[in-house]
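When a residue number appears, it is its place in the shown sequence, counting from 1. Counting starts at 1 for both ligands and their atoms, following the listed order. What you see is a predicted model, and the numbers here were worked out from it, not measured in a lab.
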Amino acid sequence: MIDETHDAARTSWVESATGHRDFPIQNLPFGIFSTADRGPRPGVAIGDLILDLAGIASLLPNTARDALGHASLNALFGLASRDRIELRRRLSALLSDIGQRTEIEPWLHPACECTMHLPATIGDYTDFYVGIHHANNIGRQFRPDNPLLPNYKWIPIGYHGRASSVRPSGVPVTRPNGQRKAPDDAAPNFGPSRRLDYELELGVWIGQGNDLGAPIPIGEAGEHVVGLCLLNDWSARDFQAWEYQPLGPFLAKNFHTTVSPWVVTSEALAPFRLPQPARPEGDPAPLPYLLDDRDQQHGALAIELSVTLSSAAMRGAGLPPVVLSRGPASNMYWTVAQIVAHHASNGCNLNPGDLLGTGTISAPDKDGFGSLMEISRGGATPLVLPTGESRAFLGDGDELTLMGTASAAGFVSIGFGACAATILPARS
Ligand code: MN
């Protein structure tokens, strides 16, 4: 639903919000932040600043005030969408009405002086595989003759990930140790991953949950999504190749997952919905429990995603990061609503603060590949960085950054903020 909070003419008295690439007043994403003098608490990003919501609680609607008195957003996520919309409209009004400035200004903090935390206590994390070009590219490397398995176009494929190792942007990733076995090795050995990779994904934050045994109908699935973030599913491709059969990813994926710390709400994303791209001729229609007309009309997202890399040597030489890929988030074979409905279709209960990953989102062309495994064709065609360094996979000291921007004609673009981390050497 589009309302006055999306109005392109609305501006904030926070000067840095006007023209901000990520956080103009039309965005108002929620997160958990701390300052040097006070611990984690809910905030909203506006321009280069963070508004402390606990500090202005007396100006907020009653329902939201109760939900905001915690060091996580789970209670806020569990609110009915009408309560979240009321909160958004109030915040938008407060930040656009110059008359409120004196009351609110003391509760604004420069974002560069704050630490961001995970927005919610994550009960469960599930990663899907809806990026069909990624599935084709990776499948071709593992199974040249048979890249997509027969179930791909019928079920949104997923696996249960590990919630305990999800971290916000900025927390370094320690290169994992594990079992590696190259195809020609007689036996596996144990050591640091030689094929450490990233995966460019969207993260889906679950709002209101469902009771165990009570599926979420596809037509209602969107109401259970409180918002999105960027997600990097760090992957050790050498461990993955050796361990993935017969039960799927395990230690190749669960050593660390990075999310952008701001939850860009479903309400903020309302102007950026697109029809789900038509399936290619000959593909099966989704089964009825995954098919909803409204979802097919509005279930895709007008979000441009990008990935940049800078090595330690590049940063030392003052060189800017290189762009590894850029592409639209519409390259998803299944919509967000479809993965939510599918997840709960057997009665599995989702809870506020659960996190779903979409799976790597690659474009059909090389400029939009969402992992190094695809860009370097399994390591065969390494990238050459401006320093002359070569990268088939990630090196120690590399910093990888995901960014995302939602745009639509007639609306102010909004973004996610960075989803970034640096690789630390493996522990011996
Ligand atoms: Mn993944």
Side-chain angles (χ1 to χ4, degrees), residues 122 124-143 147-149 151-152 155-169 173 176 178 193 195-206 228-245 247-260 301 303 305-307 324-325 327 329 331-336 338-340 342-343 354-363 368-376 378 393-394 400-402 404 416 419-421 423:
I122 303 169
D124 284 292
Y125 160 51
T126 304
D127 197 26
F128 283 86
Y129 196 53
V130 308
I132 188 164
H133 305 301
H134 171 78
N136 259 315
N137 291 338
I138 293 285
R140 211 170 283 126
Q141 292 183 25
F142 284 93
R143 298 172 301 274
L148 284 190
L149 293 171
N151 55 9
Y152 189 85
I155 337 183
I157 301 293
Y159 66 95
H160 281 121
R162 180 87 191 162
S164 69
S165 53
V166 180
R167 291 291 181 275
S169 180
V173 176
S193 174
R195 291 163 75 91
L196 181 59
D197 200 356
Y198 66 92
E199 292 195 336
L200 167 62
E201 307 196 14
L202 287 172
V204 178
W205 290 104
I206 297 297
L228 304 182
C229 64
L230 303 173
L231 184 149
N232 185 343
D233 176 24
W234 302 98
S235 299
R237 301 298 182 194
D238 38 3
F239 307 170
Q240 185 179 359
W242 174 231
E243 76 174 7
Y244 88 108
Q245 290 178 317
L247 289 184
F250 182 39
L251 302 182
K253 299 274 193 175
N254 71 1
F255 57 93
H256 200 124
T257 302
T258 302
V259 291
S260 56
L301 293 154
I303 298 173
L305 300 166
S306 68
V307 184
L324 293 187
S325 73
N331 288 306
M332 292 167 50
Y333 195 75
W334 300 97
T335 66
V336 168
Q338 285 174 321
I339 66 177
V340 171
H342 182 65
H343 203 312
D354 280 0
L355 177 65
L356 314 183
T358 55
T360 311
I361 302 173
S362 289
F369 286 176
S371 67
L372 277 172
M373 183 78 169
E374 293 162 87
I375 294 171
S376 74
F393 292 95
L394 295 169
L400 200 94
T401 304
L402 316 182
F416 289 81
C419 177
I423 310 297

Do R195 and S193 pair up side chain to side chain, a donor and an acceptor below 3.5 Å, judged on atom types alone?
no
Restricting to N, O or S, what is the name of the atom of D233 that lies nearest the Mn ion (ligand 1)?
OD2
Whether E374 and R140 form a salt bridge (side-chain N of Lys/Arg under 4.0 Å from carboxylate O of Asp/Glu) is what I want to check.
no
Measure from the Mn ion (ligand 1) to every N/O/S atom of D127 and report the name of the nearest one.
OD2
To the nearest 10°, what's the angle at the Mn ion (ligand 1) between atoms OE2 (E201) and OE1 (E199)?
90°
Return the orientation label for the Y333 and Y152 ring planes: parallel under 30°, perpendicular over 60°, tilted otherwise.
tilted
With a 3.5 Å cut-off and no angle check, do the side chains of S235 and Q240 form a donor-acceptor pair?
no
